[in-house]
Structure formats: C-alpha cells, structure tokens
There are 2 protein chains.
Amino acid sequence: MSDAYYLHLTDRLREQLKDPDAFEDGRLPSERVLAERFDTTRVTLRQALGQLEGEGRIHRSNRRGWFVSPPRLDYDPTRDSGFNDYVTAQGRRPRTEVLLTDVQAYPPAAQALGLAAQTPLYHIRRRRFVDERAVLSESMWVVPERAPGLLEEGQFGVSLWAELRGRYGLTLAHRELRFYSESLGEQAARELGVAMGSPGLTVRRATFDEQHRPIGYDEERWLHNALCITVTLKNKP
Amino acid sequence: MSDAYYLHLTDRLREQLKDPDAFEDGRLPSERVLAERFDTTRVTLRQALGQLEGEGRIHRSNRRGWFVSPPRLDYDPTRDSGFNDYVTAQGRRPRTEVLLTDVQAYPPAAQALGLAAQTPLYHIRRRRFVDERAVLSESMWVVPERAPGLLEEGQFGVSLWAELRGRYGLTLAHRELRFYSESLGEQAARELGVAMGSPGLTVRRATFDEQHRPIGYDEERWLHNALCITVTLKNKP
DNA sequence: TAGTGGTCTAGACCACTCT
DNA sequence: GAGTGGTCTAGACCACTAC
C-alpha cells in the first residue's frame with residue numbers, strides 16, 4: 001500500500017518544502033497547477049496535501065490557498081506567563097484581538113470550577129495571532145467575585161493573568177488541565193480562517209487559589225500544527 | 001457553507017450515534033450501504049465519516065470498517081502509575097504486547113537526555129490495547145547504566161516504571177514532557193491497524209533522577225480520539 | 001470468495017478571496 | 001472578474017479482511 005501515488009506526491013512535495021525559499025510568501029502553487037504538474041487529478045493531489053497537513057508541514061487558509069507551516073510554537077500551559085511573552089521569547093510576533101466580552105453562564109465552566117451550572121461568569125473571547133497567522137481561539141470565564149469590575153477596565157490584549165495577579169492580588173495555586181485532539185468546530189474554524197473540520201488541539205484549564213476557591217476556566221482551540229505543548233515537572237505529584 | 005450536504009450527513013449520523021445499541025458490535029454499515037441510504041456517493045459519504053472521525057466519535061480499522069468510538073481514556077503522563085492501573089481504574093480492560101527489545105542508538109532520545117547521539121540504549125517497543133482496541137504504539141529507551149540487565153529479565157507486559165523503581169531503586173524526580181498533534185506515520189499506523197495518515201497524538205517524555213542523571217526517554221503514538229490528557233498541578237512551577 | 005475500505009479518474013458547479 | 005479552494009458526481013480497480 002506504500003506505493004499509492006499520493007504518497008509519491010507527498011514525498012516529492014516534502015522534498016521541495018525543505019527549501020522554503022522555493023515558495024514565494026510561503027505559498028504553494030494552486031491545487032490545479034500542482035495536479036497538472038504531477039499529472040493527476042485534484043482529488044489525488046488533495047489527498048497528498050491532506051497528508052502533509054496532518055504531518056504539520058503545510059496548512060490552508062480557507063479558500064485562499066496552501067502555505068508552508070512555520071515551526072511549532074512551544075507552549076507551557078502550566079505557566080501563566082502571557083501569550084505575548086512566550087511568543088516574543090521565541091522570536092515570533094504576537095497579536096491579540098478581543099472578540100467579545102459579556103456575562104454569561106456556561107455549565108461546563110461551572111462544572112469544572114465546582115459551581116452551580118447557571119452561575120453567571122465574566123466571559124472574554126479572544127483570537128490570537130503569531131506572525132499574523134491566527135492560531136488560537138480562546139474563551140475565558142472568570143468568577144465575578146474574584147475580580148469585580150474586570151470587564152469594565154481590563155486590558156485584555158495583554159495578559160489576563162497578569163491583570164488578575166496585579167490588580168486583584170490573586171494567586172493561581174492550583175490548576176487542572178485537560179488537552180485532547182479534536183477537529184475544529186464551526187465557530188473556531190471561522191475565527192481561525194480555516195475550513196470546518198480542520199485538525200485542532202483543545203486545551204481546557206480550571207484555576208483555583210490557595211484556599212482552593214475557583215478563579216476561572218478557559219478553553220483554547222489551537223490549529224493543530226501551530227504548537228507543541230511542553231511541561232516540565234520537578235518531584236512526583 | 002454550512003449547508004454542504006456532507007454536513008447534513010454528519011448531523012444525521014451523529015443523531016444515530018447517540019443510541020449506540022443501534023449498531024451491532026459498535027460497527028457502522030459499510031460505506032456503500034450508507035452512501036446508498038443517504039442517496040449520495042462514497043466520496044461525499046466518506047467526507048462525512050472523516051468529519052465524525054475528527055470529532056472523535058467514530059474510528060476506522062484498516063479495511064475492516066468504521067466503528068463507534070468508546071469514551072476517551074483519561075491519561076496523566078506526569079504520573080508513572082502503570083498503564084494497566086489507570087485503564088483498569090476507569091473500568092476498561094488493558095492489554096500489552098511487547099513488539100521488540102534490543103539495544104540501539106536513537107539520536108532524538110540521546111539529545112533529550114543530554115547524551116552523545118550514538119550512545120547505545122536499551123530499547124523496548126510495545127503496543128497497548130484498551131478493550132482489545134490497539135490505541136497506543138510506544139517506544140522506550142533506557143540508559144543501560146541505570147538498569148543493567150533490564151532486557152534479560154524485565155516483565156514488560158506490566159509497568160516498566162514499577163520495574164525501574166522496584167528492581168533498580170530509581171527515583172523519577174524530573175520529567176520533561178512534550179505533546180503535539182501529528183498524523184500517524186507508516187509504522188505506528190500499521191501497528192495500530194489504521195490507515196496511514198490517521199490523526200494521532202504524540203507524547204514524548206524524558207525522565208531524570210534526583211541528581212538529574214538521565215534515566216530514559218519514551219515516545220508514545222496514540223490514536224487521537226482514544227485519550228484525553230489530564231494534568232493537575234499544585235503551586236507554581 | 002465475497003465484502004470492505006483505500007485509491008483514483010475526469011470532469012462539474014459553487015462560495016469565497018483578491019485586486 | 002479571475003482565481004482559489006470546497007464540494008460533489010458516477011463510476012472504476014486494487015489490497016486486504018473475514019469466512
């Protein structure tokens with residue numbers, strides 16, 4: 001089965017991808033051009049592109065084209081250092097857009113925090129970019145009692161955690177993280193400018209203070225090949 | 001774009017999947033049958049199946065068919081409790097096969113452990129099952145000085161970490177973990193009985209003792225929808 | 001041997017982006 | 001308006017699994 005033609009195409013494309021300068025603006029030729037060049041149909045060519053997408057080497061922007069993927073971002077979700085900090089530290093350019101702030105009940109957040117399902121929570125939805133590529137769609141819910149007035153004044157473009165620490169004196173003492181691989185749903189796909197069903201990685205995080213009182217909960221939807229999650233642990237848990 | 005026909009198919013199939021008893025042995029009807037039932041072609045039907053696969057609801061076994069996926073396994077890679085233990089604790093049935101043991105140099109392992117690239121290491125390759133579904137293909141490299149004679153006597157079907165702790169008195173004090181989403185390569189796909197390019201999740205882990213001497217390194221390739229990685233942290237790192 | 005999914009052809013139309 | 005990827009048709013043959 002290793003002699004499928006689309007696998008030959010992935011081999012040849014992989015070879016070409018080793019020289020990133022071969023593609024202007026990191027953009028691949030159109031599917032029709034590639035299909036003709038390799039003397040095959042778009043269906044087969046797309047199978048090869050899908051394979052390389054799964055490997056994390058290329059990605060697509062909805063109806064715009066295929067692009068060479070940059071190296072994955074290293075991301076340590078156990079730290080509350082800001083997105084801007086670690087993106088910059090890796091020589092990349094961060095940007096954040098606030099899409100929405102409101103007050104809403106969100107049962108999954110409430111459950112993770114041990115609250116009643118209909119508890120109203122501050123809600124902030126953001127979209128984050130690395131080198132002007134949208135890689136992360138994030139929703140954060142904060143317990144209002146822990147950060148009264150947060151929505152009125154917060155600079156959400158910067159680190160929300162820094163805000164919680166600095167302005168409200170909160171200590172993030174206890175964290176429960178879950179991550180899993182799941183394709184992107186309609187909303188996240190739209191916000192990230194990719195086709196629905198594109199591969200994604202989800203991070204959910206519940207945070208508590210020293211007295212184990214709930215602080216907040218967030219859900220992050222990443223483009224699957226944009227990141228590598230890194231965790232370093234001393235001692236046994 | 002939300003009115004694509006394959007999305008209607010996913011909706012209808014999702015509905016049917018809510019009643020698992022509707023499928024004998026958790027097996028879906030064949031692609032040809034489903035395509036006819038929904039009055040479409042196999043190409044479109046497969047697009048719908050691929051979508052549900054990405055969502056983690058169904059999975060395929062190479063050339064055997066499509067199956068309803070069981071709930072994800074919760075997995076905490078920061079603990080060295082054995083696979084058998086946490087699978088059993090979740091009411092599932094674990095099984096392990098040893099595929100290979102040998103001595104080899106593996107530069108990525110050596111690099112992660114801070115050793116010379118060509119350092120010979122004990123190597124153990126295993127395949128692990130949950131409820132008789134192969135979900136994990138794993139390679140482990142151990143520094144020979146830390147566990148002399150490991151390959152001669154080890155019971156690799158049980159916990160390798162328990163072996164290292166019990167027989168060699170090793171303390172796993174420091175761990176460096178990396179995980180990322182990446183489609184399965186040829187070897188892992190074959191071992192897991194899925195098509196090459198199927199979505200996967202990779203976990204890499206380097207382990208050190210209290211003196212920060214390297215103990216071992218392992219690479220795990222999971223079926224992407226078989227697990228949810230869970231990490232709980234007290235205090236700030 | 002029958003049935004399955006895996007691969008592939010040669011087209012077509014549509015929704016969207018770019019300029 | 002030109003070009004792109006997204007979706008879809010109606011077939012075909014092949015490699016492999018299960019019996």
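In what follows, chains carry the letters A, B, and so on, assigned in the order in which the sequence lines appear, proteins first and then strands, with residues in each chain numbered from 1.
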If we count only N and O atoms by modelled type, under 3.5 Å, do the side chains of [X] and [Y] hold a donor and an acceptor together?
X: A/Gln47; Y: A/Gln51; result: no
X: A/Arg57; Y: A/Ser69; result: no
X: A/Trp66; Y: A/Glu53; result: no
X: B/Arg128; Y: B/Thr96; result: yes

Is the shortest side-chain N/O distance from [X] to OP1 or OP2 of [N] below 4.0 Å?
X: B/Arg60; N: C/dT4; value: no
X: B/Arg64; N: D/dC16; value: no
X: B/Ser30; N: C/dT4; value: yes
X: A/Thr40; N: C/dT9; value: yes
X: A/Tyr5; N: C/dC8; value: no

Round to a whole Å and report the spacing from [atom1] of [X] to [atom2] of [N].
X: B/Leu34; N: C/dG5; atom1: CG; atom2: P; value: 8 Å
X: B/Trp66; N: C/dG3; atom1: CH2; atom2: C1'; value: 17 Å
X: A/Arg46; N: C/dT9; atom1: CZ; atom2: P; value: 15 Å
X: A/Gln47; N: C/dG6; atom1: CD; atom2: P; value: 10 Å
X: B/Tyr6; N: D/dG6; atom1: OH; atom2: P; value: 9 Å
X: B/Phe67; N: D/dA18; atom1: CZ; atom2: P; value: 8 Å
X: B/Phe38; N: D/dT9; atom1: CZ; atom2: C1'; value: 18 Å
X: B/Glu36; N: D/dA10; atom1: CD; atom2: P; value: 13 Å

Nucleotide nearest B/Arg63 (side chain, heavy atoms from C-beta), chosen from C/dT4, D/dT9, D/dT4:
C/dT4
Checking contacts here: which listed nucleotide (C/dG6, D/dG5, D/dC8) is nearest the side-chain heavy atoms of B/Ala4?
D/dC8
dist B/Leu227:CG -> B/Tyr75:OH (nearest 0.5 Å) comes out at 8.0 Å
Give, for atom CD1 of A/Ile124 and atom CG of A/Leu150, the distance between the pair rounded to the nearest 0.5 Å.
5.0 Å
Given DNA chain C, 5'-ward residue of the pair A/Asn62 and A/Thr44, judged by closest heavy atom:
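Looking at the nearest nucleotide for each, A/Thr44 comes out on the 5' side.
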Both B/Val33 and A/Asp39 contact DNA chain C. Taking the nearest nucleotide for each, which residue is further toward the 5' end?
B/Val33
Grab the N/O contacts between the protein and nucleotides 11-13 of chain C below 3.5 Å, and write none if there aren't any.
none

Here the ring-ring contact (aromatic ring centres under 6.0 Å, His included) pairs for residues 176-201 of chain B, sequence neighbours left out, are A/Phe179-B/Phe179
So A/Tyr106 and A/Trp141, would you call those rings parallel, tilted or perpendicular, with 30° and 60° as cut-offs?
parallel
Going by the angle between their ring planes, with limits at 30° and 60°, are A/Tyr86 and A/Phe83 parallel, tilted or perpendicular?
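If you compare the ring of A/Tyr86 with that of A/Phe83, the planes turn out perpendicular.
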Which residues, if any, of residues 48-58 of chain A bring a heavy atom under 4.0 Å of DNA chain D?
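DNA chain D contact set from residues 48-58 of chain A: none.
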Go through the steps for A/Arg221 and A/Glu191 under the test salt bridge (Lys or Arg N to Asp or Glu O under 4.0 Å), then give the verdict.
CA-CA 10 Å; A/Arg221 311 271 175 183; A/Glu191 289 172 357; over 6 Å; no
